[in-house]
Amino acid sequence: MAGFHIKQIVLLLLVVCCVHAHTHIRNLIIDGKTLERGQCIRPYESHFNYPVKGVDNEQIVCRTTSMSASSTDTCDVKAGSTMTIEFHEEKDSGSRAIEGKHYGPCIAYLSKMTSDGQPSGWFKIFEQGYDSSSKKWCIDTLNANDGKLDIEIPGDIEDGNYLLRGEIIALHLAEKKGGAEFYNNCVQLAISGGSGTAKPELVQIPGVYAEDDPGIYFNLYDGYKSYSIPGPKVYKAGSVAAVNPKAPENGGDTNSSSGAGGEEDNNGGEGNGGEDDDESSTSSSSRRGNAGPPDNDANPSPTGDDDPKSSSTASSAKPTASPKPPCTRPRRRRRNVDARRRVAEL
């Protein structure tokens, strides 16, 4: 019986420990004003500070089933301004942000809201992970700053209603796939004053993460020296979304970042600019005429294959052909002389 009670006490302590290690976005600070808990934040579930497990879990969007725009207030924010989200373990603002060993990154996304309050596509506007020079995680900074995390709203996005998704990914159990814990909440904003020129690359949540991403499947206990934050690159005002380069035609140079720059690189040679190096070498070789044996490396075969057997055969044919005329012509003259002698004797 005593052993049974001890096990119960241990389990109770573990539950208490884990509950106090959880977190949520408790409140916002906008224009220097601290808002009430939950104001302009999509409603919490009953277990408000519990993590989401699994990258394909629908709760990974906003950690709530209340996804209607009417489920919470909408806060006004100016594009280009900085607002603050506050993470806390408990409902009161005096609690710490999260247990200090729950190392991991802090990330924030924005999404334009549809008419029914759903996200239309996310782009990342903030991230902070591991600083190898100070050996500090975002969690360390967050706890030292009383849970406050400053987020800058891009100044070039178009006006409208948005969801801001703040998240912490805790990696203390991430040495096993599916072990990462996601602490995320969504803030409902009406953003105005932007230029509207932004063209950020959008991602879908769920969908942006995979269980085997290096920043999600990660071992904190294996002597790491660096960390790769999962998800897309952070969008900054004035930047352009990365686009995969189109495959060049006719074997062109893929290192050119723009049309004009690529032409300068290709046309820097002599003669017909834009020709490949192999073609330029072939032209210079033909201008040399019969000054020497052909350069096999500079003269590819007509099929485009640099076949060393074909090249060696072609180069060996000419030396054997040149001695034949001097060897055969004297023999013809000797036969003619012998024939004339026979005719004279007759």
Side-chain angles (χ1 to χ4, degrees), residues 25 52 55-56 60-62 77 79-85 87 103-113 119-134 136-142 149-158 160 162-171 174 180-187 189 191 194-218 224-248 254-259 261-262:
I25 297 179
V52 175
V55 297
D56 296 321
I60 203 173
V61 182
C62 293
V77 175
S81 67
T82 298
M83 61 176 290
T84 302
I85 57 178
F87 284 93
Y103 297 129
C106 310
I107 304 173
Y109 292 85
L110 267 183
S111 172
K112 197 79 180 291
M113 231 168 38
S120 59
W122 302 91
F123 57 100
K124 186 188 288 185
I125 61 171
F126 176 88
E127 66 179 19
Q128 184 178 336
Y130 175 68
D131 185 347
S132 58
S133 59
S134 65
K136 298 289 185 182
W137 286 87
C138 178
I139 301 307
D140 299 311
T141 305
L142 203 60
L149 193 66
D150 292 338
I151 307 293
E152 181 180 353
I153 306 299
D156 59 350
I157 60 177
E158 62 180 350
Y162 286 81
L163 287 173
L164 186 153
R165 178 183 177 275
E167 106 181 306
I168 291 172
I169 304 177
L171 303 170
E181 295 182 349
F182 299 86
Y183 297 94
N184 52 283
N185 295 99
C186 290
V187 178
L189 304 173
I191 300 176
S195 65
T197 59
K199 300 295 181 185
E201 183 179 8
L202 302 181
V203 297
Q204 296 301 315
I205 300 175
V208 69
Y209 300 145
E211 292 291 3
D212 58 355
D213 283 348
I216 292 175
Y217 178 40
F218 184 82
Y224 62 90
K225 294 183 180 179
S226 62
Y227 171 77
S228 178
I229 300 174
K233 293 182 179 180
V234 173
Y235 176 79
K236 295 291 186 182
S239 63
V240 179
V243 179
N244 291 330
K246 181 182 176 182
T254 59
N255 292 328
S256 301
S257 58
S258 63

Please report the C-alpha distance between Asn184 and Ile107 in whole Å, then the side-chain angles of each, then the deciding distance to 0.1 Å, and finally whether the side chain to side chain contact (heavy atoms under 4.5 Å, CB included) criterion is met. CA-CA 9 Å; Asn184 52 283; Ile107 304 173; over 6 Å; no
Indicate the atoms forming the closest heavy-atom contact of [X] with [Y], along with that distance.
X	Y	value
Val52	Ile60	CG1-N, 3.8 Å
Lys112	Ser120	O-OG, 2.7 Å
Pro206	Val55	CB-O, 3.5 Å
Cys138	Gln128	CB-O, 3.3 Å
Gly231	Val208	CA-CG2, 4.1 Å
Ser226	Tyr130	CA-CD2, 4.2 Å

Of all residues at least two apart in sequence or in a different chain, which pass the side-chain contact (heavy atoms from CB on, under 4.5 Å) check with [X]?
X	value
Glu181	Pro51, Lys53, His102, Ala170, His172, Leu173, Tyr183
Glu152	Thr82
Val234	Lys124, Glu127, Lys236
Ala174	Leu171, Ala180

Rounded to the nearest 0.5 Å, how far does [atom2] of [Y] lie from [atom1] of [X]?
X	Y	atom1	atom2	value
Lys136	Thr141	NZ	OG1	8.5 Å
Arg165	Ile125	CZ	CD1	12.0 Å
Glu158	Ile191	CD	CD1	10.5 Å
Leu202	Ser111	CG	OG	7.5 Å
Asp213	Glu211	CG	CD	8.5 Å

Run the ring pair (Phe, Tyr, Trp, His ring centres under 6.0 Å) test against Tyr227 and tell me which residues pass, sequence neighbours left out. Trp137, Phe218
For a quick check under 3.5 Å, do Asp156 and Tyr235 share a side-chain donor-acceptor pair by atom type? yes
Let me see the working for Met83 and Leu189 under side chain to side chain contact (heavy atoms under 4.5 Å, CB included), right down to the final yes or no. CA-CA 11 Å; Met83 61 176 290; Leu189 304 173; 3.8 Å; yes
Contacts of type side chain to side chain donor-acceptor pair (under 3.5 Å), residue [X], not counting sequence neighbours:
X	value
Ser134	Asp131
Tyr103	none
Trp122	none
Thr197	Ser195

Can Met113 and Tyr162 be said to form a side chain to side chain contact (heavy atoms under 4.5 Å, CB included), step by step? CA-CA 5 Å; Met113 231 168 38; Tyr162 286 81; 5.9 Å; no
Please determine whether side chain to side chain contact (heavy atoms under 4.5 Å, CB included) holds for the pair Phe126 and Asp150, giving the CA-CA distance in whole Å, both sets of side-chain angles, and the decisive distance to 0.1 Å. CA-CA 9 Å; Phe126 176 88; Asp150 292 338; over 6 Å; no
Which residue in the set Thr84, Val77, Leu110, Leu164 passes side-chain contact (heavy atoms from CB on, under 4.5 Å) when paired with Ile151? Leu164
